[in-house]
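Report on one structure; see the data block that follows.
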Amino acid sequence: MQENEEIGVGLSTIMKLTGFLPIMIGTTFLLSPRTAIAVGPELTEYGIFVSKYVAVLAIFIGLAQWVVSVYVKENLHIFGRFFALGFVATICLEIYGWTTNLMEFELKFLFATMIPVSAALVLILYSINPEQTETVADNKD
């Protein structure tokens, strides 16, 4: 009789959870860009258009992460690393905005940046060791 070694959260579940983040942020940007974005009250019409574009893009990225986590089984760790790279790029853009004074630095923005930092770390940690699938040849032993 064979026992289940570990029952836990897999990379697929982690990708679904971290995929919810861009969907949630994109939805808030679409519904109320003036309150969801840090410089919202100072947005021009062009800024609102760009924020809606970014919102739709974020929703599509989140949905792509959901679709990948549902349908990809073999090389899911590669996609996990790819989406972690996307979160790291978001973090780098935040840091660039602070260092070039495009955005004013406030402590609350630092805490908001911790969300993509934690999502990237969790994706990287769960995609380091890919799950080993058992093949028919391995099962004959």
For Ala58, check side-chain contact (heavy atoms from CB on, under 4.5 Å) against everything at least two apart and list the hits. Pro22
Would a single hydrophobic cluster contain both Ile59 and Val67, if residues Ile, Leu, Val, Met, Phe, Trp and Tyr are joined by side-chain heavy-atom contacts under 4.5 Å? no
Report the distance from atom CD1 of Ile95 to atom OG1 of Thr99, rounding to the nearest 0.5 Å. 8.0 Å
For Ser32, side-chain hydrogen bond (donor to acceptor under 3.5 Å, both in side chains) partners two or more places apart: Thr35
Tightest non-hydrogen contact, residues Ala120 and Val88, listed as CB-CG2, 4.0 Å
Transitive ILVMFWY cluster of Ile78 at side-chain heavy atoms under 4.5 Å: who else is in it? none
Are Leu85 and Leu63 co-members of a hydrophobic cluster defined by side-chain heavy atoms under 4.5 Å apart? no
Rounded at 0.5 Å granularity, tell me how far CZ in Arg81 sits from CD1 in Ile128. 7.5 Å
Minimum heavy-atom separation for Ala119 and Leu21, please, with both atom names. CB-CD2, 4.4 Å
Between atom CZ of Arg34 and atom CD1 of Ile48, what is the distance when rounded to the nearest 0.5 Å? 3.5 Å
Looking at every heavy atom in both Phe29 and Ala55, which two are closest together, and how far apart are they? CB-CB, 3.5 Å
In this structure, CD1 of Ile23 is separated from OG1 of Thr28 (nearest 0.5 Å) by 12.0 Å
Could you grab the distance from atom CG of Leu123 to atom CZ of Phe82, nearest 0.5 Å is fine? 12.0 Å
I need the full list of side-chain hydrogen bond (donor to acceptor under 3.5 Å, both in side chains) pairs touching residues 53-70, with sequence neighbours left out, sorted by first then second residue. Thr18-Gln65
Candidate list Val9, Leu11, Val117, Ile14, test side-chain contact (heavy atoms from CB on, under 4.5 Å), partner Val122, passing option: Ile14
Let me check something: do Phe79 and Tyr71 share a hydrophobic cluster, defined by ILVMFWY side-chain heavy atoms less than 4.5 Å apart, either directly or through other members? no
Taking only residues two or more places apart in sequence or in another chain, which ones pass side-chain contact (heavy atoms from CB on, under 4.5 Å) with Ser118? none
Is there a path of hydrophobic side-chain contacts, each under 4.5 Å between heavy atoms, that joins Leu102 and Leu93? no
Interatomic spacing from CD1 in Ile25 to OG1 in Thr90 - rounded to 0.5 Å: 8.5 Å
For Phe105, check ring-ring contact (aromatic ring centres under 6.0 Å, His included) against everything at least two apart and list the hits. Trp98
When clusters are formed by joining ILVMFWY residues with side-chain heavy atoms under 4.5 Å apart, either directly or through shared neighbours, do Leu121 and Ile91 land in the same one? yes
